[in-house]
Amino acid sequence: MIERRPSMLRITPQVIIGLLLIGAGLAITADNLGWIEADRLWRFWPVLFIVIGALKVVQTDNRSGQVFGVVLMFFGAANAFQGFDALWPLILVAIGALVVLRALQGPQTSRKIPGVDPIPMSPASPVSAAATGDQVISDFAFWSGVKRRITSASFKGGDLTAIMGGIEIDLRGAGTANGEAVIDVFALWGGIEITVPPDWEVSNRITPILGGAEDKSSGSQGARHRLVLRGFVVMGGVEVKT
């Protein structure tokens, strides 16, 4: 008897962005055909900031990223209700609260976790860093930076989305369970950098649109591990190196 696994709908930033692009394309097409007036739909542009902010809050582990997501959501909500002129000073309050909270926390000591190597970062660095043993990753950078080292021996892949931001992924301490990992990427006016072990083969299936996807890795065909990259780069760049 064959056991079927229940299907799971995985909502990622790329899914949200894809749906927004589909909706915009359909709206413009309907406007060109005279079915609707697409100009009226642009009044809902603040919803984009609310969605991006919510994704930032949900998928960011550090407090600064979560506060930034809340600020984006507030900006979108304030414009949606046409109250931004009166409420924008609250953004300064949120930023000030973040500064106070970080000052009260003081210097944080790193705790040794089995299988996880800490990444040394400057206290003033704007990039959030983490070392994880996750089998699947999902990182989203919007006007920000993400730096992550993966140490899982059974890494499967994930999705990386950079919009006017940057993502750095270090896979030199990782391995694959079945010999292959797949990462879906989307970069819009942003950059993604992936570092792989020297014995990994890289299969670059990224489609660049006014952008670039460069593979500088040293792995050869038939290697024990293979990383498959899929997705789109629009006026941005993806670089893979050893």
Side-chain angles (χ1 to χ4, degrees), residues 2-15 17-18 59-61 110-121 127-141 145-163 165-188 190-209 211-234 236-242:
I2 300 177
E3 180 182 358
R4 295 188 177 182
R5 297 180 180 179
S7 59
M8 298 180 61
L9 179 60
R10 187 164 172 260
I11 303 298
T12 66
Q14 295 181 16
V15 172
I17 293 172
Q59 298 193 353
T60 302
D61 298 330
S110 59
R111 183 179 61 177
K112 179 65 176 177
I113 302 176
V116 175
D117 298 324
I119 301 178
M121 292 291 294
V127 181
S128 61
T132 72
D134 297 337
Q135 295 182 354
V136 178
I137 59 174
S138 181
D139 286 322
F140 176 56
V146 176
K147 187 174 182 180
R148 188 184 302 275
R149 175 184 294 143
I150 307 300
T151 60
S152 173
S154 55
F155 178 67
K156 297 180 180 179
D159 59 271
L160 305 174
T161 304
I163 301 177
I167 299 178
E168 295 182 25
I169 301 296
D170 188 349
L171 297 173
R172 287 176 294 182
T176 60
N178 301 320
E180 182 176 280
V182 180
I183 297 181
D184 292 310
V185 302
F186 179 80
L188 174 62
I192 298 175
E193 181 181 292
I194 303 175
T195 305
V196 298
D199 59 343
W200 277 36
E201 174 190 354
V202 176
S203 177
N204 186 0
R205 304 175 186 175
I206 299 174
T207 301
I209 303 174
E214 189 174 3
D215 179 14
K216 297 181 179 179
S217 62
S218 60
S220 58
Q221 293 185 353
R224 180 180 178 184
H225 301 282
R226 182 173 69 160
L227 176 64
V228 179
L229 297 176
R230 308 179 304 190
F232 299 90
V233 178
V234 183
V238 173
E239 179 182 354
V240 185
K241 62 181 183 179
T242 300

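A search for salt bridge (Lys or Arg N to Asp or Glu O under 4.0 Å) contacts involving R205 returns nothing, not counting sequence neighbours. Listed by chain and number, the residues in a salt bridge (Lys or Arg N to Asp or Glu O under 4.0 Å) with K216 are E239 (sequence neighbours excluded). With sequence neighbours left out, the salt bridge (Lys or Arg N to Asp or Glu O under 4.0 Å) criterion links E201 to no other residue. In this structure R224 satisfies the side-chain contact (heavy atoms from CB on, under 4.5 Å) test with no other residue, sequence neighbours excluded. Remark: E180 pairs with R226 by the salt bridge (Lys or Arg N to Asp or Glu O under 4.0 Å) rule, at least two apart or across chains. Partners of V233 according to the side-chain contact (heavy atoms from CB on, under 4.5 Å) rule, which considers only residues two or more places apart in sequence or in another chain, are A187, I206, V238.
Contact annotation: the side chain of D215 never approaches that of L229 to less than 4.5 Å [non-hydrogen atoms, C-beta and beyond]. Under the 4.5 Å side-chain criterion, counting only non-hydrogen atoms from C-beta, L171 is in contact with L227. I169 is listed as a side-chain neighbour of D139, based on a closest heavy-atom distance under 4.5 Å.
A pairwise comparison of heavy atoms in I183 and G157 identifies CG1-CA, 4.0 Å as the closest pair. Here the closest non-hydrogen pair linking I192 and F186 is CD1-O, 4.1 Å. Residue I167 comes nearest to T161 through the heavy atom pair CD1-O, 3.3 Å, listed as atom of the first residue, atom of the second, then distance. Annotation for A174 and W200: closest pair O-CZ2, 3.5 Å, computed over non-hydrogen atoms. In terms of heavy atoms, V136 sits closest to G158 at CG1-CA, 4.0 Å.
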Inset, instruction - Before giving the answer on side chain to side chain contact (heavy atoms under 4.5 Å, CB included), spell out for I137 and L160 the whole-Å C-alpha distance, their side-chain angles and the decisive distance to 0.1 Å. - result: CA-CA 8 Å; I137 59 174; L160 305 174; 3.9 Å; yes

Inset, instruction - Output, in order, the C-alpha distance, side-chain angles, deciding distance and verdict of side chain to side chain donor-acceptor pair (under 3.5 Å) for Q135 and S152. - result: CA-CA 6 Å; Q135 295 182 354; S152 173; 4.9 Å; no

Inset, instruction - Report the C-alpha distance between N204 and V240 in whole Å, list the side-chain angles of each, state the deciding distance to 0.1 Å, and finish with yes or no for side chain to side chain contact (heavy atoms under 4.5 Å, CB included). - result: CA-CA 9 Å; N204 186 0; V240 185; over 6 Å; no

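Without hydrogens or angle criteria, S218 side chain to T242 main chain gives no donor-acceptor distance under 3.5 Å.
Note: R172 CZ to R149 CZ = 7.0 Å, rounded to the nearest 0.5 Å. One distance of note links CG of D184 with CZ of F232; it measures 10.0 Å at 0.5 Å rounding.
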